[in-house]
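No hydrogens, no waters, no symmetry mates; every other heavy atom, side chains included, goes into these values. We count residues from 1, following the sequence as given. In this text the structure is predicted, and so the values were computed from the model without any measurement.
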Amino acid sequence: MFRATLATVCGLVMLTGAAGCGTGQRESGAAAAAETFSAAVGRGDAAAACEALAPETVAALVASEGDACEASLEPEELPSGEVGEVQVWGDRAQVRTDSDVLFLVELEDGWKVVAAGCEPQGERPYMCEVGG
């Protein structure tokens with residue numbers, strides 16, 4: 001499984017946290033994207049989960065595993081759950097489910113997951129199963 005620290009995304013979130021700019025519609029969009037990804041993971045639907053990933057995340061996963069996203073992503077190894085807290089900073093978001101932390105980016109075609117299966121590491125960046 002692809003593992004990476006999410007230093008860049010977490011660093012951007014930390015740096016821009018004081019100037020949080022997401023409310024209402026943007027938070028709803030990030031929450032919906034997280035729900036789509038989490039539901040696909042819960043069903044074990046790698047194709048749908050890959051569709052919910054940001055292109056850069058798909059490319060990194062493919063490069064790391066040497067196979068197509070659907071063959072590389074192991075949704076049964078990722079947590080899924082109900083979406084809870086959503087925080088938006090510009091075009092970045094952090095979504096907490098009842099069993100995971102997801103990081104998302106807003107692209108022209110909507111919100112996409114850049115990292116999933118993320119666990120806090122104290123003062124260090126999150127460690128994520130997928131993303132980077």
Side-chain angles (χ1 to χ4, degrees):
M1 178 60 65
F2 178 69
R3 280 194 163 277
T5 58
L6 198 55
T8 303
V9 172
C10 293
L12 289 172
V13 168
M14 299 290 187
L15 288 174
T16 61
C21 57
T23 59
Q25 187 176 12
R26 300 191 74 221
E27 288 178 353
S28 295
E35 287 173 8
T36 297
F37 179 79
S38 189
V41 167
R43 294 190 309 271
D45 186 346
C50 286
E51 284 293 318
L53 293 175
E56 296 81 16
T57 303
V58 171
L61 183 62
V62 168
S64 172
E65 299 296 322
D67 213 339
C69 181
E70 293 82 0
S72 299
L73 188 68
E74 299 175 27
E76 65 277 358
E77 293 184 11
L78 291 171
S80 65
E82 295 294 317
V83 168
E85 180 183 6
V86 177
Q87 295 180 310
V88 175
W89 300 273
D91 65 349
R92 304 288 172 161
Q94 179 187 58
V95 177
R96 293 182 182 276
T97 71
D98 52 10
S99 59
D100 195 6
V101 177
L102 304 170
F103 291 93
L104 294 89
V105 64
E106 187 176 30
L107 303 172
E108 288 181 13
D109 60 341
W111 288 96
K112 297 289 185 173
V113 175
V114 293
C118 301
E119 295 182 24
Q121 303 294 305
E123 295 294 317
R124 299 184 333 216
Y126 282 75
M127 178 65 74
C128 299
E129 289 291 326
V130 174

Heavy-atom pair of closest approach, residues Cys118 and Tyr126: CB-CD2, 3.9 Å

Only counting residues at least two apart or in another chain, list the ones meeting side chain to side chain donor-acceptor pair (under 3.5 Å) with Glu51. none

For Ala71, which residues count as a side chain to side chain contact (heavy atoms under 4.5 Å, CB included) partner, sequence neighbours excluded? Asp67

Rounded to the nearest 0.5 Å, what separation is found between the CG atom of Leu104 and the CG atom of Asp91? 11.0 Å

Going through the checks in order, is the side-chain hydrogen bond (donor to acceptor under 3.5 Å, both in side chains) test met by Gln87 and Glu85? CA-CA 7 Å; Gln87 295 180 310; Glu85 180 183 6; 3.2 Å; yes

Can you give me the closest heavy-atom contact between Cys50 and Val58, atom names plus distance? O-CG2, 3.9 Å

I'd like to know whether Val101 forms a side-chain contact (heavy atoms from CB on, under 4.5 Å) with Val95, so could you lay out the CA-CA distance, the side-chain angles of the two residues, the decisive distance to 0.1 Å, and finally the verdict. CA-CA 6 Å; Val101 177; Val95 177; over 6 Å; no

Restricting to non-hydrogen atoms, name the atom on Ala31 and the atom on Val83 that form the minimum distance, rounded to 0.1 Å. O-CG2, 3.9 Å

Would you compute the distance between atom CZ of Arg43 and atom CD of Glu76 and round it to the nearest 0.5 angstrom? 14.0 Å

Just wondering, do Val130 and Leu73 contact through their side chains at under 4.5 Å, heavy atoms? yes

So, taking the atom named CZ in Phe37 and the one named OG in Ser80, what distance separates them when rounded to the nearest 0.5 Å? 9.5 Å

Decide yes or no for Val113 and Thr57: does some side-chain heavy atom of the first lie under 4.5 Å from some side-chain heavy atom of the second? no

Count the heavy atoms belonging to other residues, nucleotides or ligands that lie under 6.0 Å from CD of Glu82, then report whether that count exceeds 12. no

Is it the case that the side chain of Glu119 and the backbone of Gly117 share a donor-acceptor pair, with hydrogens and angles ignored and the cut-off at 3.5 Å? no

Among residues two or more places apart or on two chains, list those pairs meeting side-chain hydrogen bond (donor to acceptor under 3.5 Å, both in side chains) that have a residue in residues 100-112. Arg26-Glu106

Does the Thr36 side chain pair with the main chain of Ala32, one donor and one acceptor, at a distance under 3.5 Å? yes

Can you check whether Ala68's main-chain N or O pairs, donor with acceptor, with Ser72's side chain at less than 3.5 Å? yes

Heavy-atom pair of closest approach, residues Cys128 and Ala116: CB-O, 3.7 Å

Compare every heavy atom of Ala40 with every heavy atom of Ala49, then report the nearest pair and how far apart it is. N-CB, 3.5 Å

Closest non-hydrogen contact found for Cys69 with Leu53 is SG-CD1, 4.0 Å

